[in-house]
Amino acid sequence: MVGMLSRAIKKCEKNPVIAEVKVHSPKHGDLLRGRNEIDILRAYERAGAVGISYITESKNFKGSFEVFKKICSSTELPVLRKDFITSKEDVERTAQAGGSAVLLIARILRDDIPEFADFAAEHGLDALIEVHSEDELEFALEARRAMIGINNRDIAKLELDDGNVTVTEKIAPLIPDGFLKVSESGISSIDDLRKALQYTNAVLIGTAFMRAEDPEKIVRVFVEARI
Ligand SMILES: O=P(O)(O)OC[C@@H](O)[C@@H](O)c1c[nH]c2ccccc12
């Protein structure tokens with residue numbers, strides 16, 4: 001394993017939950033509701049999240065690279081940068097900003113996945129290679145060392161689908177043990193959590209935590225749940 005995020009997941013003794021600071025989504029609109037990203041980060045830290053995810057894409061998710069840098073400099077937890085990365089410069093900027101991991105979307109990078117994953121590793125970053133289908137998995141499995149994120153939603157639909165953990169149930173068994181597996185998106189209950197962690201090493205949750213009255217409380221419930 002390369003970066004801080006994969007190491008943190010492997011040594012995590014509770015449910016490894018990557019908590020996403022998600023300020024806006026095409027489906028639910030404003031998720032920040034006047035709060036400050038750093039306050040959400042602190043709630044996630046106090047609740048025991050294994051890592052933090054932040055979307056820097058601005059058009060559909062209202063993210064910003066400046067906020068990503070601020071989050072990275074404000075926490076000891078590993079931070080994953082989520083965006084529709086298409087250039088190595090963007091991978092390098094992620095490392096320079098203090099990020100620990102970068103999302104590489106198999107559907108976008110396709111045959112370039114192994115090269116981008118190696119480039120990320122050379123910069124000390126974990127690559128979370130995201131797939132939503134079996135044929136996308138073919139590209140991800142060409143990468144020698146990486147984490148594979150199974151997106152339960154179809155990112156091409158910009159999350160307007162609900163997504164559910166059946167995508168994880170279908171795809172995870174096709175991934176060899178050498179890869180760390182993360183189930184992402186559409187996880188909103190302990191039942192979803194239990195199902196996802198039967199097949200993967202960690203989960204990544206954003207909307208359910210951002211919509212909750214008390215993010216610290218709900219994240220702690222997911223982290224501590226006996227499943
Ligand atoms: O809000 P959810 O359903 O818990 O999903 C979080 C995260 O997986 C989702 O935001 C995401 C997964 N892959 C992405 C790629 C770009 C933007 C966002 C994403």
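Whatever order the structure lists them in is the order used to number ligands and atoms, beginning at 1.
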Any donor-acceptor pair under 3.5 Å from Asn152 side chain to Glu184 backbone: yes

Residues, nucleotides or ligands: over 12 heavy atoms within 6.0 Å of Arg33 CZ: yes

Check: Lys217 main-chain N/O paired with Arg220 side-chain donor or acceptor under 3.5 Å: no

Mode of Phe209 contact toward ligand 1 - side chain, backbone, both, neither (heavy atoms, under 4.0 Å): neither

Ligand-residue contact atoms, ligand 1 with Asn151, heavy atoms, under 4.0 Å: 12 (C), 13 (N)

Numbered atoms of ligand 1 (with element) below 4.0 Å of Ile205, judged on heavy atoms: 4 (O)

Protein residue, atom and distance nearest to atom 8 (O) of ligand 1, heavy-atom basis: Ser185 OG, 2.6 Å

Proximal atoms of ligand 1 relative to Lys22 (non-hydrogen, under 4.0 Å): 1 (O), 2 (P), 5 (O), 6 (C), 9 (C), 10 (O)

Close approach, Arg153 and ligand 1, non-hydrogen under 4.0 angstrom: yes

Electrostatic pair Arg35:Asp30 at N-O distance under 4.0 angstrom: no

Shortest protein contact, atom 4 (O) of ligand 1 (heavy atom only): Gly206 N, 2.7 Å

Element-labelled atoms of ligand 1 that are located less than 4.0 Å from some non-hydrogen atom of Leu103: 15 (C)

Backbone of Lys62 reached by a side-chain donor or acceptor of His24 within 3.5 Å: no

Heavy-atom nearest neighbour in the protein, as seen from atom 13 (N) of ligand 1, with distance rounded to 0.1 Å: Glu130 OE1, 2.8 Å

For atom 18 (C) of ligand 1, the protein heavy atom that lies nearest, with its residue and separation: Ile55 CD1, 3.5 Å

Ring-face cation contact, Tyr54 with Arg81, 6.0 Å cut, 45° max: no

Min N/O separation Phe84 to ligand 1 under 3.5 Å: no

Name of the residue among Asp126, Leu77, Val182, Val79 meeting side chain to side chain contact (heavy atoms under 4.5 Å, CB included) with Leu5: Asp126

Shortest protein heavy-atom distance from atom 6 (C) of ligand 1, along with the residue and atom involved: Glu20 OE2, 3.4 Å

Gly186 heavy atom under 4.0 Å from ligand 1: yes

Protein contact to atom 12 (C) of ligand 1 [nearest heavy atom, distance to 0.1 Å]: Lys82 NZ, 2.8 Å

Lys195/Asp192 salt bridge by N-O under 4.0 Å criterion: no

Atom pair CD1 (Ile85) and CZ (Phe116), whose distance is rounded to the nearest 0.5 Å: 8.5 Å

Closest approach of any protein heavy atom to atom 1 (O) of ligand 1, naming residue and atom: Thr207 OG1, 2.5 Å

From CD (Glu37) to CG (Leu32), nearest 0.5 Å: 5.0 Å

Under 3.5 Å donor-acceptor, Ser73 side chain and Lys69 backbone: yes

Contacting atoms of ligand 1, where contact means under 4.0 angstrom from a heavy atom of Leu204: 6 (C), 7 (C), 8 (O)

Nearest-contact summary for atom 9 (C) of ligand 1 - protein heavy atom, Å: Glu159 OE2, 3.1 Å

